[in-house]
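Notes for the one structure printed next.
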2 protein chains.
Amino acid sequence: MAKLDESLLAGLPPFSRLSRPQIREILDLAMPRRFEEGTTVFHDGDPAERFFLLLDGIIRVVRTTPDGAQVIPLHIPAGQLFGIAPAFGRDTYPATAVAAAEIVALSWPSHCWGGFVSRYDGFATETWKTIGERMGELHARIADLATKAVEQRVASALLHLANQSGTRVGNAIEIGFPITRAEVAEMTGTTLHTVSRLLSAWEKDGIVSSARKQITVTEPHRLFLLSGAS
Amino acid sequence: MAKLDESLLAGLPPFSRLSRPQIREILDLAMPRRFEEGTTVFHDGDPAERFFLLLDGIIRVVRTTPDGAQVIPLHIPAGQLFGIAPAFGRDTYPATAVAAAEIVALSWPSHCWGGFVSRYDGFATETWKTIGERMGELHARIADLATKAVEQRVASALLHLANQSGTRVGNAIEIGFPITRAEVAEMTGTTLHTVSRLLSAWEKDGIVSSARKQITVTEPHRLFLLSGAS
DNA sequence: CCGGAACGTTGTCCCGCCGCAAACTGAGGG
DNA sequence: CCCTCAGTTTGCGGCGGGACAACGTTCCGG
């Protein structure tokens with residue numbers, strides 16, 4: 001296996017304060033792997049043997065409730081850690097991670113976590129920051145669900161996805177991974193029917209343009225207005 | 001000021017692995033303070049000068065959205081840390097903390113955080129665990145909001161509150177701090193009208209009994225059934 | 001003892017959203 | 001090339017629950 005290039009990690013928050021030799025150490029412990037779209041990286045309840053760093057693509061973290069297929073997806077963009085159960089002292093993953101697109105990720109055995117935290121300056125701090133942001137995101141999501149109407153929720157979910165991993169095409173933003181209306185519906189706590197209707201209406205207005213498993217926001221500004229401008 | 005007793009901290013997770021002298025050190029840095037019910041401990045956006053440990057009572061952490069009074073309360077029970085913005089590298093609080101009942105809390109200057117983490121074994125680990133649990137709670141809340149009907153949401157919110165800080169009276173559980181229907185409504189993303197109606201109906205069925213700013217769950221089992229048994 | 005404010009209850013109306021059902025459309029496999 | 005199926009679209013009916021409003025009740029200050 002070819003050696004991984006140090007520049008992969010150098011710019012990322014958890015490693016930004018580390019020296020090249022330190023990054024080399026870390027990389028030499030890492031196992032790179034590619035996952036096809038739709039592949040499950042790890043399952044809810046699995047023993048948490050490794051933790052991951054997403055190099056490219058998007059991960060969808062879902063929580064399936066026991067009684068059915070209800071899920072609460074959280075999307076994790078490239079450059080972030082995920083599956084960090086060891087950080088929380090858990091020996092089992094609390095959720096399932098699915099590749100939302102083709103992804104490539106590095107992983108390390110869970111028992112390395114403690115070493116990383118104690119040995120590498122800034123690793124813990126930066127990880128805390130990421131977790132803090134993720135909690136903020138969850139809070140915002142709760143606020144949306146609790147206070148906003150369905151239309152606003154869907155609008156803000158689309159904007160969120162677009163901002164997080166969209167590729168700009170002029171003024172338009174194309175969401176960078178395949179996503180079904182059913183998934184949007186799950187994220188926003190509604191049904192795929194309603195999402196479909198909304199997208200149709202918006203498409204008629206020229207705010208978005210959608211195809212099968214794919215959504216492009218052509219006029220982000222107007223969508224933002226619809227989202228109830230928080 | 002009388003010296004604080006070491007037993008206050010000895011049993012709590014973040015300090016459980018520490019020796020008595022270490023606990024003594026920590027206590028000598030702490031500033032104890034009592035807050036009346038309804039007092040704001042810190043405000044969203046304030047400079048995060050201190051972090052807190054709740055010794056007794058209940059803290060309500062709220063996030064007010066810019067456009068109005070919408071909030072997403074998270075209740076923190078006695079024995080937990082809160083306002084730990086420094087852990088996330090923030091220099092400002094991301095939410096407002098209000099005393100839901102009369103409380104007593106210890107606090108330390110934010111700059112102590114780093115020292116606690118590096119000097120005291122287990123402090124960081126245990127704090128991570130707490131944060132992990134809190135994230136799990138947020139996830140569960142999102143799942144509820146996204147998938148359950150209003151009646152189920154209210155039922156599970158009441159159960160949650162009862163479990164978290166209820167005092168048992170026979171089979172009944174009385175929620176241990178004053179709470180208005182409006183607050184329950186905010187937690188569950190509905191209106192006080194609906195909450196009021198539900199409580200009336202449940203009271204007629206003998207499942208709960210409520211007074212002004214006070215709710216007692218007399219038949220937790222039946223309420224659990226209503227909550228959609230997750 | 002009185003007045004007012006905060007909190008709670010209850011009724012009525014109406015709209016937005018879910019459930020159900022049926023048809024359409026690409027994509028992929030044999 | 002056709003068959004199948006996942007993904008999507010659309011119509012329609014019903015109702016949960018939000019908006020509005022009026023009244024009752026408890027608490028507190030003067």
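Just so it is clear: chains get the letters A, B, ... in the order the sequence lines come, proteins before strands, and each one is counted from 1.
Applying the side chain to side chain contact (heavy atoms under 4.5 Å, CB included) criterion to B/Thr191, with sequence neighbours excluded, gives B/His193, B/Thr194. For B/Glu49, there are no side-chain hydrogen bond (donor to acceptor under 3.5 Å, both in side chains) partners, not counting sequence neighbours. The side chain to side chain contact (heavy atoms under 4.5 Å, CB included) test applied to B/Ala78 returns no partner, not counting sequence neighbours. Taking the side-chain hydrogen bond (donor to acceptor under 3.5 Å, both in side chains) definition, one finds that B/Arg197 meets it with nothing, sequence neighbours left out. Every residue two or more places apart in sequence or in another chain that forms a salt bridge (charged side-chain N to carboxylate O under 4.0 Å, His left out) with A/Arg60 is listed here: A/Glu183. Not counting sequence neighbours, B/Glu174 has no partner by the salt bridge (charged side-chain N to carboxylate O under 4.0 Å, His left out) test.
In this structure the side chain of A/Ile84 never reaches within 4.5 angstrom of the side chain of A/Tyr93, judged on heavy atoms. The shortest side-chain heavy-atom distance between A/Phe52 and A/Leu54 does not fall under the 4.5 Å cut-off. Taking 4.5 Å as the limit, some side-chain heavy atom of A/Ile103 sits within range of a side-chain heavy atom of A/Ile59. The shortest distance between side-chain heavy atoms of B/Arg153 and B/Leu145 falls below 4.5 Å. A heavy-atom distance below 4.5 Å is found between the side chains of A/Leu199 and A/Leu158.
The distance between atom CD of A/Gln152 and atom C1' of C/dG16, rounded to the nearest whole Å, is 13 Å. The distance from atom CD of A/Glu151 to atom P of C/dC17 is 8 Å, rounded to the nearest whole Å. Atom-to-atom, CD of B/Glu186 to P of C/dC7 comes out at 11 Å; the value is rounded to the nearest Å.
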Under the ring pair (Phe, Tyr, Trp, His ring centres under 6.0 Å) criterion, do A/Phe82 and A/Phe51 qualify, and how do the steps go? CA-CA 6 Å; A/Phe82 66 100; A/Phe51 62 91; 10.0 Å; no
Between A/Asp44 and A/Thr96, does a side chain to side chain donor-acceptor pair (under 3.5 Å) hold up when you go through it step by step? CA-CA 5 Å; A/Asp44 189 352; A/Thr96 301; 5.0 Å; no
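In 5' to 3' order, the nucleotides of DNA chain D bounding all contacts with chain A (an atom under 4.0 Å from a heavy atom) are D/dA6 to D/dC12.
A donor-acceptor contact under 3.5 Å is not formed by the side chain of B/His193 with the base of C/dT9.
Aromatic ring centres of A/Trp128 and B/Trp128 lie closer together than 6.0 Å.
The C1' atoms of five pairs define one axis at each end of the helix from C/dC1-D/dG30 to C/dG30-D/dC1, and these two axes lie 40° apart (to 10°).
A heavy atom closer than 4.0 Å to some atom of DNA chain D occurs in A/Thr180, A/Arg181, these being the qualifying members of residues 172-182 of chain A. Shown for residues 208-218 of chain B: residues whose heavy atoms fall under 4.0 angstrom of DNA chain C, namely B/Arg212, B/Lys213. Taking a 4.0 Å limit (strictly below) on heavy-atom distances, residues 194-205 of chain A reaches DNA chain D at A/Ser196, A/Arg197, A/Ser200.
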Between side-chain atoms of residues 131-142 of chain A and protein atoms elsewhere (two or more places apart, or another chain), which donor-acceptor pairs fall under 3.5 Å?
residue  : atom : partner  : partner atom : Å
A/Arg134 : NH2  : A/Gln80  : OE1          : 3.0
A/Arg134 : NH2  : A/Leu81  : O            : 2.9
A/Glu137 : OE2  : A/His160 : NE2          : 3.4
A/Arg141 : NH2  : A/Pro73  : O            : 2.3

